[in-house]
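Single-structure report; data block below.
For clarity, every value in this text was computed on a predicted model and none was experimentally measured. Below, chain A is the first sequence line, B the second, and so on; all start at residue 1.
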Amino acid sequence: MNTLKDDQHDALELYGEAFTSRLLLGTALYPSPAVMQEAIAAANCDMVTLGLRRQNPAGGDGDAFWQILRESGCRLLPNTAGCRSAREAITLAEMSRELFDTPWIKLEVIGDDYNLQPDPFGLLEAARELIDQGFKVLPYCTDDLVLCQRLREAGCQALMPWGAPIGTGRGLMNRYALRTLRERLDVPLIIDAGLGAPSQAAEAMEMGFDGVLLNTAVAKARRPAAMASAFARAIEAGREAHSAGLMERRQTASPSTPTLGQPFWHTGG
Amino acid sequence: MKEGIQEKHAMHEITLSLNGEAARLPAGTALDQALERWGYGGRRVAVAINDTFAPRSSWAERTLDDGDRIDIVAPVGGG
């Protein structure tokens with residue numbers, strides 16, 4: 001049987017590097033570091049996101065947190081969360097590159113405080129500069145086609161459009177725009193932000209998206225490790241369904257059991 | 001004569017911003033000395049001065065000035 005599990009070639013490829021898991025997991029908002037550790041293990045993910053914040057010398061949590069992530073064996077994807085200009089995001093990306101010794105960056109430039117919507121203009125400016133500097137930029141973007149095309153032209157080899165605003169759990173808010181992105185762009189697309197349930201992640205994968213980045217839905221579940229596992233399986237299922245090819249939708253019913261030989265059939269009269 | 005000037009210079013204090021809070025240092029302090037003094041020695045941190053990244057390789061030769069804004073960051077959970 002040729003399932004995806006047997007297919008060694010179905011890795012997620014980002015900037016020429018292969019990832020076995022299509023789930024990228026955030027590391028914020030867990031009730032404890034131990035619970036986060038369990039969730040990362042249950043998600044069986046290859047990449048985790050993390051951030052940088054002002055640190056006072058008295059606060060020692062940073063080092064312990066770092067140790068847990070190192071032990072997870074996951075690739076680190078630092079973010080520029082909360083940055084409000086290209087300049088801020090570029091500086092934070094440079095700090096991340098040194099601190100984590102990685103060229104990977106989840107680029108966030110926030111344009112609106114109310115829905116944490118990416119600022120497309122600042123995002124594009126920062127992406128151009130960071131790609132020039134050799135970063136592997138994964139931009140957190142809206143589902144706007146032209147923005148995504150410009151990011152692609154700037155050299156982004158993968159894009160991360162939102163499903164819904166961060167932390168809302170509303171799922172895929174604009175299916176038309178997301179389908180358009182999938183049809184028009186030939187780079188890996190990862191749904192980043194806004195997913196609340198494994199069914200929503202499965203839907204994104206069925207639509208042909210290449211991966212899903214999650215945080216709140218797992219971290220705020222009653223049992224985060226169980227939710228991480230549920231999402232991981234939904235993502236696999238959705239991916240396999242996309243690969244298998246979904247049937248065409250129809251307006252009218254079409255019997256699945258043969259009509260030929262139907263008993264008790266009388267032509268009337 | 002030259003030593004005398006340096007001594008006088010060292011007596012002078014500068015005021016700068018450390019993660020948004022006022023901090024004082026002797027004039028002429030290098031960034032690596034300041035980090036040690038503030039308790040960041042050996043810690044996993046990255047630094048920006050006046051919103052510009054200050055690479056670790058520059059810390060020893062970077063002398064801090066009055067009014068500098070220093071941001072010192074460390075890893076935290078993030079989405």
Side-chain angles (χ1 to χ4, degrees), chain A residues 24-30 33 36 48-70 76-82 85 87-88 90-101 106 108 116 133 140 166-167 192-193 213-219, chain B residues 10-79:
Chain A
L24 291 77
L25 193 62
T27 57
L29 303 174
Y30 293 89
M36 176 187 80
V48 290
T49 57
L50 72 174
L52 283 179
R53 283 294 178 264
R54 281 175 168 172
Q55 169 85 43
N56 292 319
D61 287 336
D63 291 346
F65 170 73
W66 169 250
Q67 194 57 35
I68 289 175
L69 293 192
R70 272 173 58 108
L76 300 180
L77 178 59
N79 68 31
T80 62
S85 68
R87 191 62 253 162
E88 284 179 19
I90 291 163
T91 300
L92 201 57
E94 291 168 336
M95 296 167 94
S96 289
R97 177 162 60 179
E98 179 182 84
L99 199 56
F100 301 119
D101 193 23
K106 172 183 160 179
E108 276 188 48
L116 299 178
Q133 287 194 31
Y140 167 58
I166 298 170
D192 180 4
L213 197 164
L214 292 170
N215 190 343
T216 312
V218 168
Chain B
M11 298 289 288
H12 183 62
E13 274 202 335
I14 57 169
T15 304
L16 33 73
S17 148
L18 168 60
N19 283 345
E21 306 272 334
R24 299 174 78 80
L25 283 175
T29 305
L31 176 56
D32 63 341
Q33 296 166 330
L35 292 171
E36 196 70 43
R37 190 186 174 104
W38 287 329
Y40 292 104
R43 302 291 291 275
R44 174 170 285 276
V45 293
V47 182
I49 302 177
N50 302 327
D51 305 331
T52 301
F53 172 51
R56 191 170 276 265
S57 58
S58 72
W59 289 0
E61 61 211 38
R62 176 64 187 257
T63 306
L64 298 176
D65 291 324
D66 197 57
D68 274 347
R69 284 173 288 109
I70 319 293
D71 276 287
I72 301 177
V73 298
V76 296

Identify the two heavy atoms, one from G79(B) and one from A28(A), that lie closest to each other, and give their separation to 0.1 Å. N-CB, 4.4 Å
Taken to the nearest 0.5 Å, the spacing of R53(A) CZ from I72(B) CD1 works out to 16.0 Å
Please rank T27(A), N215(A), L25(A) by heavy-atom pairs under 4.5 Å with chain B and give me the top one. T27(A)
State, to 0.1 Å, how close T91(A) and A48(B) come at their nearest heavy-atom pair, and which atoms those are. CG2-CB, 4.0 Å
How about W66(A) and V76(B): do any of their side-chain heavy atoms sit closer than 4.5 Å? no
Taking side chain to side chain donor-acceptor pair (under 3.5 Å) as the test, write out the residues that go with E36(B), two or more places apart. none
So which of M95(A), E108(A), K106(A) has the biggest tally of heavy-atom pairs under 4.5 Å with chain B? M95(A)
Please confirm whether the backbone N or O of R56(B) pairs with a side-chain atom of E98(A), one donor and one acceptor, at under 3.5 Å? yes
Between E88(A) and chain B, with a heavy-atom cut-off of 4.5 Å, which part of the residue counts as in contact: side chain, backbone, both or neither? neither
Do you know which two heavy atoms are closest between Y40(B) and Q55(A), and how far apart they sit? OH-O, 2.5 Å
Please find the pair of heavy atoms, one from P57(A) and one from G39(B), that lie closest to each other, and give the distance. CB-O, 3.8 Å
Report the option among G41(B), G77(B), G78(B) that has the most heavy-atom pairs separated by less than 4.5 Å from atoms of chain A. G78(B)
Residue pairs fulfilling salt bridge (Lys or Arg N to Asp or Glu O under 4.0 Å) with at least one residue in residues 60-79 of chain B, sequence neighbours excluded: R54(A)-D71(B), D51(B)-R69(B)
Over all atoms of both residues, closest heavy-atom pair of L99(A) and P75(B): CD2-CD, 3.9 Å
